[in-house]
Protein chains: 2
Amino acid sequence: MDARKRGKGATTLTDVAELAGVSLATASKAINGVSQVRAETRQKVLDAAAALSFTPNPFAKALNSATTGTIGMLTQDLDNRFVLPVLLGAEDAFGAGSTSVLLADARSDSIRENHQLNMLLAKRVDGLLVVGRTTNPRPSITAGLSIPVVYVYAPSEDPEDLSFTPDNHDAGRQAVEHLLSRGRRRIAFINGDPSYTAARDRVAGAAERMREEGLSLVGGTGLFGPWGERWGRRCTESLVESGERFDALLCGSDQLARGALDQLRESALSVPDDVAVMGFDNWDVLAEEARPPLTSVEMNLQQLGRSAAQQLVRAIGGTSARGVRLGSVRVVPRESTGSWTL
Amino acid sequence: MDARKRGKGATTLTDVAELAGVSLATASKAINGVSQVRAETRQKVLDAAAALSFTPNPFAKALNSATTGTIGMLTQDLDNRFVLPVLLGAEDAFGAGSTSVLLADARSDSIRENHQLNMLLAKRVDGLLVVGRTTNPRPSITAGLSIPVVYVYAPSEDPEDLSFTPDNHDAGRQAVEHLLSRGRRRIAFINGDPSYTAARDRVAGAAERMREEGLSLVGGTGLFGPWGERWGRRCTESLVESGERFDALLCGSDQLARGALDQLRESALSVPDDVAVMGFDNWDVLAEEARPPLTSVEMNLQQLGRSAAQQLVRAIGGTSARGVRLGSVRVVPRESTGSWTL
DNA sequence: TTGTATGCGTTATCAG
DNA sequence: CTGATAACGCATACAA
């Protein structure tokens with residue numbers, strides 16, 4: 001690849017035109033495929049461009065084209081395992097086209113977020129992808145901006161904005177559906193921090209599905225606690241000691257589920273024979289190495305990021321949209337909910 | 001923030017000059033603090049700029065300044081928990097200045113990497129940060145490039161390049177040092193995949209430190225296996241069954257350590273009373289929720305990313321450097337290696 | 001100290 | 001179909 005050598009004198013369109021023996025204007029048209037150019041001359045230009053490994057200067061281009069071929073990704077907290085897949089999906093979607101991604105992280109600081117926003121704006125990005133840290137709705141930044149903004153993971157509080165967030169409610173429903181299909185009917189829901197909408201939505205969906213079967217969650221819908229294995233263990237222990245019968249533990253996250261699995265083993269309860277266990281997020285490192293491997297709900301965050309990015313591209317193109325789009329999710333069955341087909 | 005409104009007619013330097021009642025050139029000089037401008041007029045210009053919330057168009061600027069204020073971050077595999085902290089540190093270092101980060105991911109595909117590289121080059125980035133997926137040396141891409149390149153995490157194979165990678169050898173040494181300080185002398189090293197230099201370096205450092213005390217690793221230096229809890233359990237089980245005495249298990253990763261902890265509990269061995277356990281990477285989610293909380297070696301990846309970014313900025317400024325810089329690491333003590341001060 | 005004029009690399013608008 | 005030429009927004013030698 002000689003194209004790499006762009007030292008002092010990067011080859012310009014003028015060079016190409018000269019080598020091709022045409023005018024600058026013609027060279028431009030030939031390369032951009034716009035306007036009518038004789039096939040023969042176009043080929044001459046293209047050959048010359050290839051020979052010189054010409055790459056158009058994006059700055060010169062951006063100077064009078066209103067669009068810059070760059071979008072900004074404003075993350076609230078990069079140090080978060082949920083934003084990574086989103087980022088990946090977005091990068092993927094953009095990478096396919098010609099737009100590239102300018103990254104800026106706010107470190108969970110709203111002052112800093114504003115700073116980063118202004119920097120992105122100063123760089124003249126064509127659009128903005130705002131990636132939240134949780135699925136809790138977040139303040140809109142769209143007001144006064146002249147470029148399109150799409151919110152991912154954390155939806156905007158303003159319904160006029162366009163947001164993409166995973167369907168936690170349906171995740172709860174599907175999880176219960178899965179457990180029911182395995183013949184479980186006495187299901188408890190060990191949940192995380194109730195200040196997270198994800199926690200509330202998941203249990204709401206689960207409870208709804210149970211109700212449709214004339215059932216209700218063992219222990220109720222209020223088993224909230226800190227996300228993390230510790231609470232998974234403690235809560236499981238309480239359930240066992242309470243003497244209440246249950247044949248499945250649905251846990252608000254894979255971490256909680258790992259704690260539950262641990263505690264069940266200590267209580268000499270067999271998984272999945274005595275109790276089925278499942279989690280949410282399908283965090284491979286935890287789920288696949290669990291004993292037994294853990295059934296979990298895949299939130300499809302990468303797909304979410306990709307969709308958001310594609311929609312942003314469309315919005316930049318002029319097709320705007322609004323509202324909250326719910327990303328689909330699916331159960332990934334593993335051994336922890338095996339057997340018992342009823 | 002009115003600065004956000006850059007619609008069709010973003011305010012230009014000409015507007016500022018006009019409002020300030022000076023010429024375009026003077027306005028430029030006043031704002032860039034270059035050349036001699038009367039303090040009074042400068043203030044007039046600055047005021048005008050503020051009033052119009054003027055933001056210089058980076059494209060116009062880049063057109064004739066040889067530098068673009070943008071660096072490219074080329075990651076081999078974004079979907080990797082080790083690159084995230086590196087990315088964070090780099091973003092941090094750049095965010096402090098005025099340069100911003102263009103992200104491109106290669107999806108572990110060398111063809112795609114080349115593609116992304118060319119895209120970054122086409123965008124005229126001032127420098128390149130190449131972030132690897134492992135600490136294994138990787139092919140250099142510096143040849144023929146006219147911009148500085150810094151390698152992070154995975155060092156370049158070419159010693160003429162500048163690379164930043166964590167000091168895994170010292171990590172091994174420090175781990176043993178820590179265990180020795182807790183009075184342990186019969187230490188086994190359960191390791192990960194030997195195709196990773198990280199695995200080999202860590203055990204080499206550990207063995208070296210043991211040798212200095214006239215000791216050697218229980219079970220030798222060859223207890224390699226797949227990274228992951230499963231191997232941690234299996235290997236621990238073998239060690240227990242072998243009847244060999246040991247009072248500490250040093251594990252090549254936190255995942256391995258988690259497996260070891262699990263297995264020890266099943267074998268009715270107490271941690272840390274009977275056996276101390278520690279890991280590497282200090283992955284909070286695993287280490288803090290372990291039973292008991294796991295001592296681990298923090299690899300300081302964020303700092304590594306920050307250093308690399310700073311060095312890249314310097315290189316862009318003209319101060320080049322070469323060689324492999326080893327990032328410092330440190331032990332984070334938790335309960336799993338408590339008590340036993342000897 | 002300030003202003004004028006020119007160039008950076010492209011695209012777009014006209015004439016030829 | 002092709003070629004001058006004027007923008008785009010800013011920096012900068014050079015002139016005043």
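Small disclaimer: the values here were computed from a predicted structure and weren't measured.
In this model, no donor atom of one side chain and acceptor atom of the other lie less than 3.5 Å apart for A/S156 and A/S163. A side-chain N or O of A/S307 and one of A/Q303 form a donor-acceptor pair less than 3.5 Å apart.
Taking the side chain as every heavy atom from C-beta outward, A/P139 and A/E157 approach each other to under 4.5 Å.
Between the CD1 atom of B/I31 and the P atom of D/dC10 there is a distance of 8 Å, given to the nearest Å. If you measure from atom CG of A/L63 to atom P of D/dA6, you get 17 Å, rounded to the nearest angstrom. Between the CZ atom of A/F59 and the C1' atom of C/dG7 there is a distance of 17 Å, given to the nearest Å.
Between A/Y153 and A/F82, the ring-plane angle classifies as parallel under the 30° and 60° cut-offs.
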Requested in this report: For each nucleotide in nucleotides 10-15 of chain C, reading 5' to 3', give B when a protein heavy atom comes within less than 4.0 Å of its base, S when such contact involves only the sugar-phosphate, and - otherwise.
Outcome: BBBB--

Query raised in the report: When you look at A/T197 and A/T134, which way does the side-chain contact (heavy atoms from CB on, under 4.5 Å) test go after all the steps?
Result: CA-CA 8 Å; A/T197 59; A/T134 70; 5.9 Å; no

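In this model, the phosphate group of C/dT2 is not approached by any side-chain N or O of B/T26 to a distance below 4.0 Å at OP1 or OP2.
More than 12 heavy atoms of other residues, nucleotides or ligands sit less than 6.0 Å from atom CZ of B/R81.
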